[in-house]
Amino acid sequence: MTNPAAAALIARSNRLGADPRNTNYAGGNTSAKGTETDPVTGEPVELLWVKGSGGDLGTLKEAGLAVIRLDRMRSLVDVYPGLDREDEMVAAFDYCLHGKGGAAPSIDTAMHGLVDAAHVDHLHPDSGIAIATAADGEALTSKIYGDKVVWVPWRRPGFQLGLDIAAIKEQNPQSIGCILGGHGITAWGDTSEEAEANSLWIIDTAASYIEANTKAEPFGPALDGYAALPADERRARAAALAPTIRGIASADRPMVGHFTDADVVLEFLASSEHPRLSALGTSCPDHFLRTKVKPLVLDLPPAATIEESIARLGELAVSYREDYQGYYDRNATPESPAIRGKDPLIVLVPGVGMFSFGKDKQTARVAGEFYVNAINVMRGAEGLSTYAPIDEAEKFRIEYWALEEAKLQRMPKPKPLATRVAFVTGSASGIGKATAAKLAAEGACVVIADLSLEKAQETAADIARSVGGGSDVAVGVQVDVSNEAAVQAAIDAAVLAFGGLDLIVNNAGLSLSRSLLETTEKDWDLQHDVMAKGSFLVAKASAKVMIEQQMGGDIVYISSKNSIFAGPNNVAYGAAKADQAHQVRLLAAELGEHGIKVNGVNPDGVVAGSGIFASGWGANRAAVYGVEEKDLGKFYAQRTILKREVLPENIANAVFVLCSAELSHTTGLHIPVDAGVAAAFLR
């Protein structure tokens with residue numbers, strides 16, 4: 001049974017975390033103190049429940065709380081070795097845990113345990129950070145709040161900051177909280193309700209003051225020629241630039257991307273002060289840990305051609321990497337962790353929007369959300385004063401903190417297809433659906449491309465539920481693969497959803513079981529349009545993206561045993577599959593210089609879940625072979641060498657293997673997945 005103090009803490013945390021005005025995703029922490037019976041002594045014991053490291057307030061559950069004995073934690077004050085060794089105190093928290101201790105204690109645990117209040121909130125609201133990063137933040141704090149809120153000069157999170165705030169609370173009994181210079185806010189209360197009310201009052205009071213007193217143009221006047229493009233035009237331009245930008249962000253290691261053209265971003269980039277402000281970088285530790293100290297900003301107006309923008313982005317990428325190396329070299333010590341990569345995580349394109357990057361889609365999306373927070377902070381600070389973030393030496397101390405490095409080293413090993421973006425055609429059923437599900441389960445972001453948008457979105461939702469992550473894992477798009485414009489639109493949608501493309505599965509298909517004399521010109525054209533032409537169009541559009549990314553890639557064709565074997569009554573289908581099979585060889589030879597592998601899978605007799613078989617092909621093939629349609633899968637199995645029925649999952653496994661590191665040196669190959677059909681052996 002959850003302790004009442006902990007239950008109130010969880011409810012309060014969820015309310016605070018649900019509103020982005022209060023704190024950013026996974027940012028801030030909250031706590032409550034209370035009493036439980038020690039199961040060893042049977043005596044009451046004072047405990048601290050505090051949000052654990054890496055958790056999110058909006059979704060916090062009991063398992064996300066660290067549980068600490070207050071008597072032991074407060075005793076740490078007596079052994080604190082001083083500021084130069086304060087990082088050692090984090091390891092000491094483990095000796096203060098109660099029972100199994102719950103989640104790992106965060107660096108801010110000392111603040112919550114040492115402050116003499118039953119409930120404490122530490123949050124990162126945009127309005128509060130705007131005051132915290134204003135050049136005259138201390139004077140503004142006094143002017144806005146009087147003596148109810150106390151200014152705390154910047155100090156890196158840790159044990160000493162906890163001691164400082166505990167002393168401020170003791171010395172200012174009338175206060176309800178603090179503005180932490182360059183960082184955020186802390187508030188407290190005797191009850192959970194009081195702490196929450198105090199937090200919201202600090203946040204809302206700052207927001208109201210900024211709104212009432214801000215200058216008319218906090219980002220300066222409009223910059224001529226930098227206004228936002230019309231929605232369709234800017235998204236088309238974003239799709240055209242995205243592969244180049246993703247390649248820039250992935251020079252050191254592959255990244256997944258996110259794009260937003262939110263008004264707040266477009267307004268910032270259309271204003272004259274955006275170059276100065278973006279160069280100053282972010283301030284709140286939660287912000288720059290996810291966005292790097294500053295973004296890469298394209299310094300061309302949206303009227304520039306795509307070619308001019310791509311060329312300039314390449315130049316800026318070189319400068320950005322040199323600048324980041326300089327930042328590292330200026331601040332690193334012999335004890336600093338090795339440089340983690342010099343590529344930007346935020347790329348701003350005037351008139352178009354913002355690209356953000358991370359190890360997965362959620363991380364990329366959250367990085368973008370954090371930079372929006374940073375823009376809001378700059379607006380507030382500039383509107384009242386001058387934006388003055390913490391200096392780069394302090395940013396470096398946070399970014400390359402030994403504790404942060406240890407947290408990164410504890411991260412689970414990525415799945416085999418992590419950071420890869422897959423585009424699977426005909427994936428709302430059968431082989432395509434199984435393949436998309438397999439790729440997602442192995443870590444890829446997947447785009448479900450199907451003729452039916454409704455079915456594509458349903459499938460994407462099913463896959464996302466199975467692996468967790470919603471639209472950060474899978475999205476559905478509509479595509480008629482026989483239509484070049486429709487293919488390009490679907491590829492553009494995929495690029496805007498995840499930043500680029502790495503893995504294409506040409507699976508869309510259909511079949512009409514008819515003899516030569518029964519096959520009409522329309523039958524022939526339909527099957528060739530979908531499979532032969534459709535695969536060509538998808539391969540062409542996606543190869544362009546992959547070549548521009550300069551990250552290599554995979555294209556896999558789901559061909560057929562019938563590309564090799566001359567079966568009865570399927571002249572149009574067999575010929576189209578043979579066309580696909582030779583496309584594999586042709587494209588493998590052509591695209592290899594770009595690191596793009598092209599391979600194929602030749603299935604046979606995949607009846608279960610098949611849209612083709614369900615649409616009449618199964619009945620026709622059953623009639624040809626003189627069996628009941630319901631027994632067709634068993635019939636196919638009995639004619640194979642292995643006597644096994646081929647399922648969609650078997651083809652999905654073959655696709656995964658072709659795209660995995662184990663076959664990194666294989667291209668131009670067709671893998672039979674037919675349980676053994678001697679007549680279709682490759683020669």
Side-chain angles (χ1 to χ4, degrees), residues 423-432 435 449-451 479-484 486-487 490 504-543 555-590 598-607 610-621 624 636 646 648 651 654-655 668-674 677 679-680 682-683:
F423 183 92
V424 186
T425 66
S427 48
S429 63
I431 292 171
T435 299
D450 201 88
L451 191 59
V479 64
D480 174 357
V481 296
S482 68
N483 182 294
E484 185 171 19
V487 168
I504 304 300
V505 183
N506 271 319
N507 170 74
L510 78 161
S511 184
L512 304 172
S513 178
R514 291 170 187 165
S515 68
L516 171 64
L517 298 183
E518 293 173 323
T519 300
T520 66
E521 182 181 2
K522 183 178 179 181
D523 296 336
W524 178 274
D525 287 344
L526 176 61
Q527 292 180 87
H528 279 73
D529 280 351
V530 171
M531 292 179 287
K533 177 184 174 183
S535 295
F536 154 71
L537 291 174
V538 172
K540 180 181 178 181
S542 58
I555 301 176
V556 180
Y557 281 66
I558 306 300
S559 185
S560 171
K561 172 211 71 174
N562 290 288
S563 67
I564 305 295
F565 173 74
N569 296 343
N570 70 346
V571 61
Y573 179 80
K577 285 298 181 182
D579 186 314
Q580 285 186 308
H582 199 47
Q583 285 186 40
V584 168
R585 293 182 279 269
L586 293 166
L587 297 186
E590 181 177 336
V598 187
N599 293 292
V601 178
N602 287 351
D604 183 48
V606 185
V607 178
S610 169
I612 289 178
F613 277 90
S615 63
W617 171 259
N620 287 332
R621 302 315 287 170
V624 167
Y636 283 141
V646 182
I651 288 79
V655 173
L669 173 70
H670 280 277
I671 296 182
V673 185
D674 55 14
V677 177
L682 295 169
R683 294 176 178 85

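Nearest heavy atoms, Ala572 versus Thr519: CB-CG2, 4.2 Å. Across every non-hydrogen atom of Ile558 and Pro603, the tightest pair is CG2-CG, 3.8 Å. Residues Gly605 and Tyr636 approach most closely at CA-CD1, 3.3 Å, considering heavy atoms. Taking every heavy atom of both residues into account, Met531 and Gln580 meet most closely at O-NE2, 3.2 Å.
Rounded to the nearest 0.5 Å, atoms CG (Leu587) and NE2 (His582) are 10.0 Å apart. Rounded to the nearest 0.5 Å, atoms CZ (Phe536) and NE2 (His528) are 14.5 Å apart.
The side-chain heavy atoms of Tyr573 and Ser560, taken from C-beta on, include a pair separated by under 4.5 Å. Residues Arg514 and Asn569 fail the side-chain proximity criterion, which asks for heavy atoms closer than 4.5 Å. Between Val673 and Val646 there is a side-chain heavy-atom pair separated by less than 4.5 Å. Contact annotation: the side chain of Leu537 approaches that of Lys533 to within less than 4.5 Å [non-hydrogen atoms, C-beta and beyond]. In this structure the side chain of Val584 never reaches within 4.5 angstrom of the side chain of Ser559, judged on heavy atoms. Proximity of Tyr557 to Val601: side-chain heavy atoms (C-beta onward) are nowhere separated by under 4.5 Å. Here the side chains of Val479 and Leu451 are not in contact, with every heavy-atom distance at 4.5 Å or above. Contact annotation: the side chain of Pro672 never approaches that of Val677 to less than 4.5 Å [non-hydrogen atoms, C-beta and beyond].
A donor-acceptor pair under 3.5 Å is absent between the side-chain atoms of Asn570 and the main chain of Ser513, judged by distance alone. A donor-acceptor pair is defined here as one N or O able to donate and one able to accept, closer than 3.5 Å; such a pair exists between the side chain of Asn507 and the backbone of Gly426. Using a distance-only test at 3.5 Å, with no hydrogens or angles considered, a donor-acceptor pair links the side chain of His670 to the main chain of Ala581. Between the side chain of Asp523 and the main chain of Thr520, a donor-acceptor pair closer than 3.5 Å is present. Although no hydrogens or angles enter the test, the distance criterion places a donor-acceptor pair under 3.5 Å between the side chain of Gln527 and the main chain of Leu512. Side-chain atoms of Thr425 do not come within 3.5 Å of backbone N or O of Ala449 as any donor-acceptor pair.
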Next on the checklist: side-chain hydrogen bond (donor to acceptor under 3.5 Å, both in side chains), that's the test. Do Gln583 and Ser535 meet it? Break it down for me.
Outcome noted: CA-CA 9 Å; Gln583 285 186 40; Ser535 295; 5.1 Å; no
Checklist entry - So Leu586 and Glu590, side chain to side chain contact (heavy atoms under 4.5 Å, CB included) or not? Walk me through it. => result CA-CA 6 Å; Leu586 293 166; Glu590 181 177 336; over 6 Å; no
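Applying the salt bridge (Lys or Arg N to Asp or Glu O under 4.0 Å) rule to Asp604 yields the partners Lys561, Arg639; only residues at least two apart in sequence or on another chain are considered.
For the side-chain contact (heavy atoms from CB on, under 4.5 Å) criterion with Ile504, the lone passing option out of Val424, Val598, Ile555 is Ile555. The side-chain contact (heavy atoms from CB on, under 4.5 Å) with Val556 is formed by just one residue from the set Val655, Thr435, Asn506, Ile651; it is Val655.
A donor-acceptor contact closer than 3.5 angstrom is absent between the side chains of Asn602 and Asp674.
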